[in-house]
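To keep things clear, I will list the structure first and then write my remarks on it.
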There are 2 protein chains.
Amino acid sequence: METKESTEIKAPLKEHFGNYMVPVRDALEIFSGKWKIPIITALNFYESCGFKELERIVEGITPKMLSKELKFLEENLLITRKVEDTRPVTITYSITEYGKTCRSVMSELYRWGTEHRKKVFNIEGEAWESC
Amino acid sequence: METKESTEIKAPLKEHFGNYMVPVRDALEIFSGKWKIPIITALNFYESCGFKELERIVEGITPKMLSKELKFLEENLLITRKVEDTRPVTITYSITEYGKTCRSVMSELYRWGTEHRKKVFNIEGEAWESC
DNA sequence: CATAGTGATATACTTTTGTATACTGATATA
DNA sequence: TATATCAGTATACAAAAGTATATCACTATG
C-alpha cells in the first residue's frame with residue numbers, strides 16, 4: 001500500500017475527453033429551453049403550420065419567443081420557412097427530413113425521463129395528470 | 001376538393017400528446033446548463049472526488065456553481081456526498097449506480113450532435129480543436 | 001369606417017443562470 | 001507568525017431566457 005493514492009492529482013476533463021463535450025453541447029442547445037421541443041413536436045405532427053397556427057398549438061408561447069425560436073430552428077436546418085404570395089401573405093413553416101431525425105434523441109430523453117420520474121418521485125405515467 | 005382543408009383548426013399539442021412532454025422536460029433539466037454534464041462525466045470517470053478536486057477537474061467552474069450543481073445532482077440521486085471524519089474534514093462525492101445510467105442519454109446526444117455538426121457547420125471531428 | 005385576421009417587431013420588465021471576488025473556521029506546514 | 005488547504009458561503013453584478021403588452025402594415029369582412 002502506498003500513500004500515493006490519496007495525493008494523486010486528477011487531471012482536468014479536457015485531458016481525458018478532449019472535445020467530447022462539444023457535440024453534446026450542440027445537441028443540448030437544440031433541445032433545451034421551454035419552447036424548442038414543443039415547436040419541433042408540433043411541426044413533426046402537422047408537417048406544416050402558419051405562425052398564428054403555431055401560436056395556438058404551442059399553448060402559452062408569446063409571438064416574440066415563437067419568432068425567435070423559429071429563426072433558430074431554421075438556421076439549424078430543422079425547419080423551413082416558405083412565403084406564399086397570397087393576400088394577406090401567409091407563411092408556412094415545415095419540418096425538414098433532417099428535422100425528423102430529432103425523434104431519436106427525443107425518444108431517448110422520454111425513455112430516461114420516464115425512468116427518472118419513477119425513481120425520484122415514485123410516480124407512474126397515470127399520475128402525471130396531477131402535476 | 002373541399003375548402004375545409006385550409007380552414008381546419010389544428011388542436012393544441014396537449015390533445016395529441018397529453019403529458020408526453022413531462023418526462024422529456026425532466027430529463028432535459030438534468031442535462032441542461034453549463035456544468036451538469038461535465039460534473040457527471042468527471043464523477044463517472046474518477047468514481048470519487050473531493051470538492052477542490054472537482055473544482056480543478058471541471059475547469060472554469062466557481063465554487064458557488066459547483067456547490068449548487070452538486071446539491072442538485074444529489075437530490076436527483078445521481079451522486080452521493082459522504083463526510084469523512086478527518087482533519088480537515090474531507091467530503092467525498094461519488095457517482096451512484098443509477099447515475100451511471102445517464103451514459104445512454106449522453107451517448108445519444110453525442111451521436112446526434114456529431115451528425116448535426118457535420119450537417120450545419122460541415123465540420124468533422126478533427127476540426128474541433130480550433131473551436 | 002370599425003373590427004379582425006395575417007406575421008411579426010418594440011419596449012419594458014422579471015426570472016434564471018452564471019461570473020467575480022472576498023471571506024469563513026478549522027488544521028497543517030514553513 | 002505567515003501562508004496554504006479543506007469545503008464551502010456571501011455579496012454584487014452581468015447576461016440570457018422568458019413574460020406582458022402594445023404596435024406595425026396589410027387585407028378582408030361587416
Side-chain angles (χ1 to χ4, degrees), chain A residues 3 5-10 21 25-26 28-39 42-43 46 48-76 79-94, chain B residues 3 5-10 21 25-26 28-39 42-43 46 48-76 79-94:
Chain A
T3 51
E5 203 192 355
S6 55
T7 53
E8 225 162 4
I9 290 163
K10 290 167 181 168
M21 305 286 179
R25 289 216 154 286
D26 288 343
L28 231 38
E29 211 194 327
I30 301 295
F31 298 102
S32 64
K34 194 170 177 180
W35 302 114
K36 288 172 205 111
I37 286 187
I39 293 168
L43 288 171
Y46 286 117
S48 290
C49 297
F51 189 89
K52 286 284 168 185
E53 272 180 332
L54 281 168
E55 234 182 304
R56 281 186 297 262
I57 296 164
V58 181
E59 289 169 292
I61 197 168
T62 58
K64 180 186 170 178
M65 288 307 291
L66 181 55
S67 176
K68 187 188 151 200
E69 300 293 47
L70 287 171
K71 221 166 272 173
F72 174 85
L73 295 174
E74 197 197 352
E75 280 164 12
N76 281 274
I79 67 170
T80 55
R81 181 181 187 272
K82 213 178 281 170
V83 181
E84 316 272 2
D85 190 12
T86 54
R87 318 122 270 165
V89 182
T90 49
I91 289 159
T92 308
Y93 293 95
S94 310
Chain B
T3 51
E5 203 193 355
S6 54
T7 52
E8 224 163 3
I9 291 162
K10 290 167 183 168
M21 305 288 178
R25 290 215 154 290
D26 288 342
L28 231 38
E29 211 193 327
I30 300 295
F31 299 102
S32 64
K34 192 172 178 181
W35 303 113
K36 287 172 206 113
I37 286 187
I39 293 168
L43 288 172
Y46 286 117
S48 291
C49 298
F51 189 89
K52 285 283 168 188
E53 271 180 332
L54 282 169
E55 234 183 304
R56 280 186 296 261
I57 297 164
V58 181
E59 289 170 292
I61 198 167
T62 57
K64 181 187 170 178
M65 288 306 292
L66 181 54
S67 174
K68 187 188 151 199
E69 301 292 47
L70 286 171
K71 221 166 274 173
F72 174 86
L73 295 175
E74 197 197 353
E75 280 164 11
N76 280 275
I79 67 170
T80 55
R81 181 182 186 272
K82 214 179 281 171
V83 182
E84 316 273 1
D85 189 13
T86 54
R87 316 124 273 167
V89 183
T90 49
I91 288 159
T92 308
Y93 292 95
S94 311

Quick one: [X] [atom1] to [N] [atom2], roughly how many Å, whole number?
| X | N | atom1 | atom2 | value |
| --- | --- | --- | --- | --- |
| A:F51 | C:dG5 | CZ | P | 16 Å |
| A:M65 | D:dA20 | CE | P | 12 Å |
| A:F72 | D:dG18 | CZ | C1' | 16 Å |
| B:E74 | D:dA7 | CD | P | 15 Å |
| A:I39 | D:dA17 | CD1 | C1' | 14 Å |
| B:E55 | C:dT19 | CD | C1' | 13 Å |
| A:E84 | C:dA8 | CD | C1' | 17 Å |
| B:I91 | C:dA26 | CD1 | P | 15 Å |

Got [X] and [Y] here, is their nearest side-chain heavy-atom distance under 4.5 Å?
| X | Y | result |
| --- | --- | --- |
| B:S32 | A:F31 | no |
| A:Y93 | A:I39 | no |
| B:K36 | B:I30 | no |

Quiz item: Looking at C:dG7, D:dG18, C:dA22, which one has an atom nearest to any side-chain atom of A:R81?
Solution: C:dG7

Exercise. With the side chain of B:P63 defined as its heavy atoms from C-beta on, choose the nearest nucleotide among D:dC6, C:dG7, D:dT9.
Key: D:dT9

Quiz item: Touch check for A:K71, heavy atoms < 4.0 angstrom, all strands: base, sugar-phosphate only, or nothing?
Solution: sugar-phosphate

Practice problem: Give the intermediate values and the outcome of salt bridge (charged side-chain N to carboxylate O under 4.0 Å, His left out) for residues A:E53 and B:K10. | Solution: CA-CA 7 Å; A:E53 272 180 332; B:K10 290 167 183 168; 3.2 Å; yes

Quiz prompt | Phosphate-side-chain proximity, A:K34 and D:dT19, N/O vs OP1/OP2 below 4.0 Å | solution = yes

Exercise. Ignoring backbone atoms, establish whether A:S67 has a side-chain N or O less than 4.0 Å from OP1 or OP2 of C:dG7.
Key: no

Self-check item: Base paired to D:dT11 (Watson-Crick or G-U; both N/O distances under 3.5 angstrom)
Solution: C:dA20

Can you name the nearest heavy-atom pair linking [X] to [Y], along with the distance?
| X | Y | value |
| --- | --- | --- |
| A:T86 | A:P88 | OG1-O, 2.9 Å |
| B:I91 | B:R81 | CD1-NH2, 3.4 Å |
| A:W35 | A:V58 | CE3-CG1, 3.7 Å |

Quiz item: For the side chain of B:K64 and the base of D:dT9, is some donor closer than 3.5 Å to an acceptor across the two?
Solution: no

N/O to N/O distances under 3.5 Å, protein versus nucleotides 27-30 of chain C:
none

Quiz item: Where each residue is assigned the nucleotide of DNA chain D containing its nearest heavy atom, which of A:G60 and B:K68 is assigned the position nearer the 5′ end?
Solution: B:K68

